[in-house]
Amino acid sequence: MTPTWQKIVAPLVIGVILLGLWEYAVRAAAIPHYILPGPLLILQTLVADWDTLSQSLWITLQITFMALAASVLIGGLLSILFTQSKWLELSLLPYAVILQVTPIVAIAPLIIIWVNDTLLSLLICAWIVAFFPILSNTILGLNSADHNLVDLFKLYGASRWQALRYLRLPAALPYFLAGLRISGGLALIGAVVAEFVAGSGGTASGLAFRILEAGYQLKIPRMFAALALVSGTGIVIFLLLSLISHLLLRRWHESAMRREN
Amino acid sequence: MKPLAELRGVGKRYANGTVAVSGVDLDLHDGEFVSLLGPSGCGKTTVLRMIAGLAEVSDGRIDWHTPRDLGFVFQEPTLMPWSTALTNVMLPLKLRKTPAREAAARAEAALAAVGLEDFLKAYPRELSGGMKMRVSIARALVTEPRILLMDEPFAALDEITRQKLNDDLLALWDKSRFTAVFVTHSVFESVYLSQRIVVMAPRPGRIAAEVRTDMPVPRDPGFRTSPEYAAACRTVSARLIEAMAA
Ligand SMILES: Nc1ncnc2c1ncn2[C@@H]1O[C@H](COP(=O)(O)OP(=O)(O)OP(=O)(O)O)[C@@H](O)[C@H]1O
Ligand SMILES: [Mg+2]
C-alpha cells in the first residue's frame with residue numbers, strides 16, 4: 001500500500017507544476033487579465049476581496065451544509081421507512097426518482113417563485129439535488145444484511161427494532177457513508193446552481209452570485225477567485241466526509257482496512 | 001423415552017417447484033449426537049432449516065415435545081464484522097434481553113470454552129477461519145440450548161484444524177450432552193462424531209439408511225486408527241454408495 005505522504009505529495013506536486021505552467025503561459029503570451037488571469041493575480045484578488053468573498057463563502061457553506069443535513073435526515077429516515085414497509089417504498093420511491101431525474105435548473109425558478117424566502121428556496125433546491133444518493137444507497141445497505149444473519153435473528157425471536165438496531169443499520173453504514181460522500185459534493189453543486197438560477201443580489205449572496213456579478217463587471221480575476229473558493233470548498237467537503245467515513249469503518253470494513261503483509 | 005422432536009413424512013417443495021426433500025421420518029432424542037450425511041444437494045440444509053423453523057414444512061409435520069430451544073451453526077461463520085468476538089457471542093443473549101453484565105460474563109465463559117479467552121476484543125477479520133468457526137460455535141452454545149443444529153460447520157477448514165475442532169466439539173458435547181444434529185458430507189467426520197448416522201440420498205432428498213455406532217466418548221487418542229472406526233466407516237460408506245445407486 002502507498003504510504004500516506006505519497007498520496008498527499010503526489011497530487012500537490014502536479015498542482016504546483018500546473019499552476020507554474022499556467023503563470024508562465026499567461027506572462028509569456030502576455031494574455032490580458034480580463035481574458036485569463038494568472039494564479040498569482042487570482043491569489044492577490046482573493047486576499048484583496050476577502051471581506052466580500054468570505055461573506056459569500058459563508059452563505060454558500062450554510063446552504064450546502066443545511067442541505068446536506070436535511071439530506072441525511074430525510075434520506076436516512078425515508079430509507080428506513082421504505083425498508084420497513086414495502087408499500088411505502090412501492091408508492092413513494094418512484095417520486096423520489098422523478099425528483100432526482102428532473103434537472104434542477106428546470107424547476108429551480110418555480111421553487112424560487114413559490115418560496116418567498118430566498119435562502120430557503122436555495123436550500124430546497126440543493127436538497128433536491130443532494131438527497132437521492134443517500135436514499136438509494138441506504139436502502140441498498142439496509143437490504144444487504146447477510147441472509148444467514150437475518151435467519152439467526154429470526155431464530156432468536158428478534159423484534160423488528162432489534163433487527164434494525166443490531167443488524168440492518170450497522171450493515172447499511174458503509175453504503176450510507178458512500179452515499180454521503182456523493183451527496184456532499186452534490187449539495188454544493190445544488191447550492192451553486194440554484195443561486196445561478198435565482199441570480200439574486202443583496203446581502204445574502206453566495207459565491208455563485210459573486211461569480212455572476214464579477215462576470216457582468218468583467219472583473220475576471222475576481223470571478224476566478226470565487227471559482228477557486230467553490231472548488232476548494234468541494235475538495236474540503238470531500239476530504240472531510242472521507243475522513244469521517246474512514247474513522248467509522250476502519251475497525252471492520254474492507255474498504256477502510258490497511259492491508260498488512 | 002419420548003423423543004424431543006419427531007419429523008413425520010416431512011417434505012419441502014420450494015416456490016420454484018423443486019422438491020428438495022420428501023417423506024423424511026426422523027426422531028431427535030435427548031442428548032444424542034446425530035449426523036445427517038449425504039452428497040451435495042440432497043436436502044441436508046433444507047431439513048436442518050425446517051427443524052430450526054427457518055423454512056416452512058410443505059408436507060408432513062414436525063411434532064415438538066419440548067420447547068424449541070435451539071442453537072444454529074451455519075456453514076460460514078456468519079459473524080457480524082462490525083462487532084468483536086465478545087459482542088458477537090453476546091448477541092443471542094442481548095436479543096433475549098439478558099442484562100448486559102450477565103450477558104458479557106456468559107459470553108466470556110462461552111468463548112473460554114472454545115479456547116478463545118484471549119480474543120474477546122478481536123474483530124472477525126483479525127481471526128483465522130478456524131477461530132471464526134469457534135466464535136460461531138460459542139455463539140450457538142451461549143444460550144445453553146437443548147438442541148444444537150450444525151450445517152457443515154467445518155467443511156471449509158483444513159484437515160488438521162477440522163480434526164482439532166471435531167475433538168473440541170465432542171468434548172463440549174460430552175460435558176453438557178445437548179442434542180446435536182450435525183450435517184456433513186464426510187463419512188469420516190460423521191463416524192468420528194456421532195452415535196447415529198442418517199444417510200440421505202438425492203432427487204428427491206430422502207433418508208436412505210441409518211447406522212448406529214455406539215462407541216465410547218471421549219474418543220481415546222488411537223480412535224482414528226482403530227479397527228472399530230475403520231469398520232464403521234466402511235459400513236457407512238457402503239450405505240452411502242447404495243443410497244446413491246438407488
Ligand atoms: N431457496 C431455494 N429455492 C429453490 N430451491 C432450493 C432452495 N434452496 C435449496 N434448493 C434446492 O433444494 C435442493 C436441496 O438443497 P439443500 O441446500 O438443502 O442441499 P444440501 O444437501 O444442503 O447441499 P450442500 O451439501 O451442497 O449444502 C437442491 O436441489 C437445491 O437446488
Ligand atoms: Mg447445505
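Letters go in sequence order (proteins before strands), and every chain restarts at 1.
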CH2/Trp64(B): more than 12 non-hydrogen atoms of other groups inside 6.0 Å: yes
Contacts of residues 89-96 of chain B with chain A (heavy atom under 4.5 Å): Leu91(B), Pro92(B), Lys94(B), Leu95(B), Arg96(B)
Side chain / backbone / both / neither for Thr143(B) at chain A, heavy atoms under 4.5 Å: side chain
Shortest non-hydrogen contact between Lys154(A) and Leu54(B), atoms and distance: NZ-O, 3.8 Å
Part of Ala171(A) within contact of chain B (heavy atom distance under 4.5 Å): both
Structural part of Leu173(A) lying under 4.5 Å from a heavy atom of chain B: neither
Inter-residue atom distance Leu149(B).CG - Leu155(A).CG, 0.5 Å rounding: 8.0 Å
Heavy-atom donor-acceptor pair, Arg125(B) side chain to Arg251(A) backbone, under 3.5 Å: yes
Contacting region of Gln75(B) [heavy-atom separation from chain A under 4.5 Å]: neither
Any Leu152(A) side-chain heavy atom under 4.5 Å of Thr78(B) side chain: no
Closest approach of Trp82(B) to Pro170(A) (non-hydrogen atoms, all atoms of both residues): CE2-CB, 3.2 Å
Atom CG of Leu90(A): over 12 foreign heavy atoms under 6.0 Å: yes
Phe74(B) side chain reached by Leu149(A) side chain, heavy atoms, under 4.5 Å: no
Greater than 12 external heavy atoms within 6.0 Å of Arg13(B)'s CZ: no
Distance in Å, Tyr156(A) OH paired with Leu70(B) CG, rounded so as to fall on 0.5 Å steps: 8.5 Å
Between NE2 on residue His253(A) and OH on residue Tyr123(B), distance to nearest 0.5 Å: 14.0 Å
Contact origin within Asp151(A) toward chain B - heavy atom pairs under 4.5 Å: both
Proximity breakdown for Arg139(B) and chain A, heavy-atom pairs closer than 4.5 Å: both
